[in-house]
Amino acid sequence: MKIASWESISLDDIRKAYRKAKADCFFERSLPLAERFASYEMDLEENLSSLQCELVKGAVSEVLERDPLEFAVWGKVLKPSKSTSVSSDDACFDTEKINSLQFDQANGGTAKFRSVGLFAVETHIISALWLLTVGDRLDKLLSENAKGSRINRLPKKGSDSAGDIHAESLGTFEPYFLPYSEWRDRGLAAMRDEIEKGGRVTAITTDLTDFYQTVDPSYITSGEFRERYGLTYSRVETDLNRALISLMRRWNTKISEELNFEKVDPIGVPVGLMASKVLANVALIELDEIFETSIRPYYYGRYVDDIFIVFRSDGIDSLEGFWALLEQNSASIKKGAEKVKISISYHRPEFKIVDSKTKLFKLKGRAGRDTIDKIDDEIRSISSERRLLPSVDDLIEGRSSEALVLGDAPNSEPTSLMRAGGLTVKRLAWALKLRNIEYLNRLLPPDQWERERTNFFEFARVHLLNPNAILEHVDSIYRMFGVAVACRDWREAEKLLKTVLESFKAISHNKFISTKVDGFSCDHEAWLALEGTFLKALADAALKNIGFGNLCRTRSDQRSMQNVLMTAGLPLGEEELRRRFLSIYTSDWSTIPLKSRYPLTAMAAHVGRQMGRLSFDDVWDYDRRSFELGLFCIEASMSPYFREFIREPLEAEEALISKCVNSLRYPTRPFSPGEIYGLLPTTCGWTESRDGRPVWAKLVRLLRGSWVSDENLLSVSEAPMSGGSGPTRQMINREEKVVRLGISSYKTAGADWRLMAAGQPLVTAKRHKQISTMINMAIKADPKPTHLILPELALPHEWLSDVAAVLARSNISLISGVEYYHYPHRKVGSSAFMNLRSDDLGWPIWLSLFQHKSIPSPREGDELEKVYNLAWECPSLRKPIYVHGEFAFGTLICSELQNLSYRKNAQGNVDCLIVLSWNQDLATFSSLTEGAALDVHSYIAVVNNRAYGDSRVRAPAMKNFERDICRVKGGENDHMLVVELNPYDLRRFQSRYTRLTDPMDKFKARPEDFEIANYRRVIP
């Protein structure tokens, strides 16, 4: 992004910067900034306009000088001051030592901390502006071997390389996980490849010491750096550079003064400011060039300050030999007694690598390959858990729990390639546990998993919050604390708080443990700062998780709640807590995403009605690149919805309604493209007279910032609809040719049906475990289904998004019946939910679609009316044909299979008719299924409740024994069969000119009035 002059900076430029700054700060979990951003958004447009006015005058330095430069201190690690030889005590494993510090006069330790900046919102906006201008240009200088903290870019047209900065995306940087995995996996792959060729390889893993604290940001303005890389700065860029460098110097000076340690120079880039990521990364360009050219490695990769090198072992048998080789080839490398000093020509301070952090591994032959395979297996055995749908049992069971209990001893030095590479199985396992408990908190009522949750908290207190381990995990404790608050586990929150403060006390009072912050010796001030940071983070976590329910589940929790709130510095009054939570929630900063307050089906019905009143031709003109674009459309459609759901807690609070609309413009967790489509299937889809996908693309670009170019809008083909004209959903799946249906045998009991009818969602731990088992069965299946099918009323609305997302990560589409949705005025309805992969916008996305059941079955309708006084509601009678790549199918719900018009409209248009069923009359339905296979002349996939069984896939096959491709009934456990279909065999047969058959034909003759749709016609 280019800004010609300060006078030309627009409000849209400021909005783009704010959008990025907000998302970046939200996903930096160590920054407790929720209330700061929520407060800023109370008068957001006024604040942004005021900032623009100042910047137009060129007053960027004055804006940054207002920042009070607050900071936090987080723990890093507690380590022995020196490595000690193995004593007889080390050969004895004693669980009592887990909770006690093993440091004495002979074997002291060091508690290491890092400082984190808690900057003002306007500082983060200026930082985002710098990233959009200067940072973008600097990041382009980095080679592909630099993997971490890279700016998110658009693909370059006609090339696999990265293009311009993605200025409209929410965040600034690429997601963490994929670049990190690529950095690690490519190194391991290079080792494996050379070993398999019969070679001998050496791997070096290391990292720079106190990296962020060594970076002097002023290097970007030095003449040598600018001349070397051909950089010239505009006036705006020069002012931004000067203002940020001055801010960082003032911040470093304040840190050293308040923590009472001396810095020779106030250098260093603060963690917590997004500009620091690029400044630190780019400072090492010359180091990358040294490693890439001096030893010509098979592989060189750098993830921020973690370095991974793979090269031929010839003549190098030790670390000393490795550094000696580099010294010969580069004057920038100097090996000392315990450190390696690296001089960068354009950067004044030297970077340092400590010998104790550098590991050399020599690998050859079968033993070397087995070592690499073992590393891969350990990582992937835990990573594979990430693909699955967690259940309550996973909190304290599984491979990740074993890794946490049986991993390396506290304070131990890295001894394996995997640890030396910077990723420990233990940390990966802990990250997975945190993800699982936050997931279950989102989906299950607290009383459904109280025992498992209590066990998890106890597990964490013993293994992760003890004095030896706490500094490594202190910045994730607030996530556990947030779950405890959300579930109203005030006693557990109090125990967590007590355990942490006791561990802090045990370390700080041990006279054999020294303290360092950012590599500088410190004293008691560091512990005071750490405790203050911890309590500030707890207050932030509590406010983000207060939620909408009662604060206490029982009277006995009242005292614990008051103790926790007082310790965290929060008010005890429920009204004030609720007000502060709502301020955070309506800014989309709370743990609960703003979009998830009500089921998607309800929102879709409301928003669809509102959108139907608007003319998109009048409000869309995205070429102007303005954030004003479409806001009329959004406000007109969404404000009534937001007003409706905040009416109960705060009636007539227009400021909060305005904040909700702001959070659509500046979200942290926006609607996915599939959810946008699901909200507006008619508007975003297409009919015989109108293609709505350009509108969909513009909504996706506006609400998500995802780039969609016009050339990525793929061509449309149409199929008829039952009941006349209407949109045909065509999801183009170009990669997947094969069709495998996951035919489930899944039970929902009669007692469960009665709860659904009574309007009591069945969101229990038992049911969640049942669903998890089925979903994970599909993910682990070999071969894996392309479409998992669950019976009628199988899933609650509250779990649809999460279940669908887990399956989508394994490239599995979901077709399932959904529990009753209760409409106003005592009306009820049910639907089929489909989450289908689509390439319509040019990249893989997943569409969330609902298809309503037309009328209840006679017995169902009778019981709903007489027992529950409910009338049936069906917003739409249409039954679309879904052309999902090269697989055309229709979906019906149970008794709808009896409707002749639905079957007639499917005839010739589908390869398979999928029927989601809850049916007890198996004999009648069996005959109906067999007849439908012949008159529709397609595969019929019926998935019935396991309580009654007879799930099957029926084909219009010529030979009797080939007609039931699969059929399942009975059993005490849920299970799934994978059935592979070949639609092209059926299409070729149906595309023949004549109806006459041969005994060798695979299928029975077509019905007399059968006409195959053009999009299904193939060469016979």
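All heavy atoms count here, side chains included; hydrogens, waters and symmetry mates do not.
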Side-chain heavy-atom pair Ser276, Met274 within 4.5 angstrom cut-off: no
- prompt: If you take all heavy atoms of Leu170 and Thr668, which pair is closest and at what distance?
  reply: CD1-O, 4.4 Å
query: Is it true that Asp164 and Lys140 make a salt bridge, defined as a side-chain N closer than 4.0 Å to a carboxylate O?
result: yes
query: Can Tyr299 and Arg186 be said to form a side chain to side chain donor-acceptor pair (under 3.5 Å), step by step?
result: CA-CA 8 Å; Tyr299 171 75; Arg186 284 183 60 191; 5.3 Å; no
message: Any non-hydrogen side-chain atom of Leu132 less than 4.5 Å from a side-chain atom of Lys20?
response: yes
query: With distance as the sole criterion, is a donor-acceptor pair present between the side chains of Arg302 and Asn281 under 3.5 Å?
result: yes
- prompt: Between Glu472 and Lys76, is there a salt bridge with N-O shorter than 4.0 Å?
  reply: no
query: Just wondering, more than 12 heavy atoms not from Lys362 lying within 6.0 Å of its NZ?
result: yes
- request: Answer yes if the ring centres of Trp589 and Phe26 are under 6.0 angstrom apart, and no otherwise.
  value: yes
query: Is the gap between the ring centers of Tyr180 and Tyr303 under 6.0 Å?
result: yes
task: Answer yes if the side chains of Glu292 and Tyr300 hold a donor-acceptor pair under 3.5 Å, and no otherwise.
output: no
- prompt: Can you name the closest pair of heavy atoms from Tyr229 and Glu286 and give their distance?
  reply: OH-N, 4.1 Å
query: Looking only at heavy atoms, what is the nearest atom pair of Ala21 and His124, with distance?
result: CB-O, 3.6 Å
message: For Leu326, is there any backbone N or O sitting under 3.5 Å from a side-chain donor or acceptor partner on Ser330?
response: no
task: Establish, from distance only, whether the side-chain atoms of Arg228 and Ser345 form a donor-acceptor pair under 3.5 Å.
output: yes
message: Check this for me: does any side-chain nitrogen of one of Arg114 and Asp210 sit under 4.0 Å from a carboxylate oxygen of the other?
response: no
task: Would you tell me whether Tyr219 and Arg348 have side-chain atoms, one donor and one acceptor, within less than 3.5 Å of each other?
output: no
Trp130 vs Ile126 side-chain heavy atoms within contact, under 4.5 Å: no
- line: On a heavy-atom basis, the closest approach of Arg435 and Arg479 is N-NH2, 4.1 Å
task: For the pair Asp305 and Lys357, find out whether any cationic side-chain nitrogen is under 4.0 Å from an anionic carboxylate oxygen.
output: no
task: Check Tyr233 against Val134 and note the closest heavy-atom contact, atom names and distance.
output: CE2-CG1, 4.0 Å
- request: Determine, for Glu174 against Arg153, whether the closest basic-nitrogen to carboxylate-oxygen distance falls under 4.0 angstrom.
  value: no
- prompt: For Glu350 and Ser343, does a side-chain donor sit closer than 3.5 Å to a side-chain acceptor?
  reply: yes
- request: To the nearest 0.5 angstrom, please state how far the CG atom of Leu31 sits from the CZ atom of Phe37.
  value: 9.0 Å
- request: Please check if the side chain of Arg137 supplies one atom and the backbone of Thr232 the other of a donor-acceptor pair under 3.5 Å.
  value: yes
query: Between Thr172 and Lys277, is any side-chain donor less than 3.5 angstrom from a side-chain acceptor?
result: no
task: Calculate, to the nearest 0.5 Å, the distance between atoms NE2 and CG belonging to His473 and Leu464 respectively.
output: 4.5 Å
- prompt: Ile204 versus Thr358: any side-chain heavy-atom pair under 4.5 Å?
  reply: yes
query: Going by distance alone, is a donor N or O of one side chain under 3.5 Å from an acceptor N or O of the other, for Asn241 and Thr221?
result: no
- prompt: Thr238 side chain to Ser234 main-chain N or O, any donor-acceptor pair under 3.5 Å?
  reply: yes
field: Ion pair Glu182/Lys147, N-O distance below 4.0 Å
entry: yes
field: Leu325 side, atom CG; Asn329 side, atom CG - distance, nearest 0.5 Å
entry: 5.0 Å
query: Looking only at side chains, do Asp288 and Ser143 share a donor and an acceptor under 3.5 Å apart?
result: no
field: Heavy-atom neighbours of Glu196 CD exceed 12 at 6.0 Å
entry: yes
field: Minimal non-hydrogen separation, Gly135 against Ile151, with atom names
entry: O-CD1, 3.6 Å
- prompt: Would one find more than 12 heavy atoms of other residues, nucleotides or ligands at under 6.0 Å from atom NZ of Lys516?
  reply: no
- prompt: Taking it one step at a time, do Asp306 and Leu208 satisfy side-chain contact (heavy atoms from CB on, under 4.5 Å)?
  reply: CA-CA 7 Å; Asp306 288 326; Leu208 302 175; over 6 Å; no
Non-hydrogen side-chain atoms of Arg150 and Phe173 separated by less than 4.5 Å: no
Criterion side-chain contact (heavy atoms from CB on, under 4.5 Å) on Ser218 and Arg249, from CA distance to verdict: CA-CA 10 Å; Ser218 64; Arg249 286 187 173 276; 4.1 Å; yes
query: Hey, what do you get for CD1 (Ile290) to CD1 (Ile295), rounding to the nearest 0.5 Å?
result: 11.0 Å
- prompt: Does Leu287 reach the side chain of Ile344, with side-chain heavy atoms less than 4.5 Å apart?
  reply: yes
- prompt: Can you tell me how far the CG atom of Leu360 sits from the CD1 atom of Ile309, to the nearest 0.5 Å?
  reply: 10.0 Å
- prompt: Side chains of Ile342 and Ile333: closer than 4.5 Å at any heavy-atom pair?
  reply: yes
task: Measure the CE-CD distance between Met480 and Glu438 for me, rounded to the nearest 0.5 Å.
output: 10.5 Å
Side chain Trp74, main chain Phe113, donor-acceptor under 3.5 Å: no
Ser115 backbone acceptor or donor facing Asp518 side chain under 3.5 Å: yes
query: Is Lys335 salt-bridged to Asp355, cutoff N-O under 4.0 Å?
result: yes
task: Evaluate the criterion side-chain contact (heavy atoms from CB on, under 4.5 Å) for residue pair Asp207 and Val304; output intermediate values, then yes/no.
output: CA-CA 9 Å; Asp207 62 40; Val304 188; over 6 Å; no
query: Is there side-chain contact between Leu471 and Val77, with heavy atoms separated by less than 4.5 Å?
result: no
message: Could you go through Ile220 and Leu138, starting from their C-alpha distance and side-chain angles, then the distance that decides it, and tell me whether this counts as side-chain contact (heavy atoms from CB on, under 4.5 Å)?
response: CA-CA 9 Å; Ile220 62 171; Leu138 297 180; 3.9 Å; yes
- request: Please answer whether the main-chain N or O of Ile812 pairs with a side-chain N or O of Ser810 as donor and acceptor at a distance below 3.5 Å.
  value: no
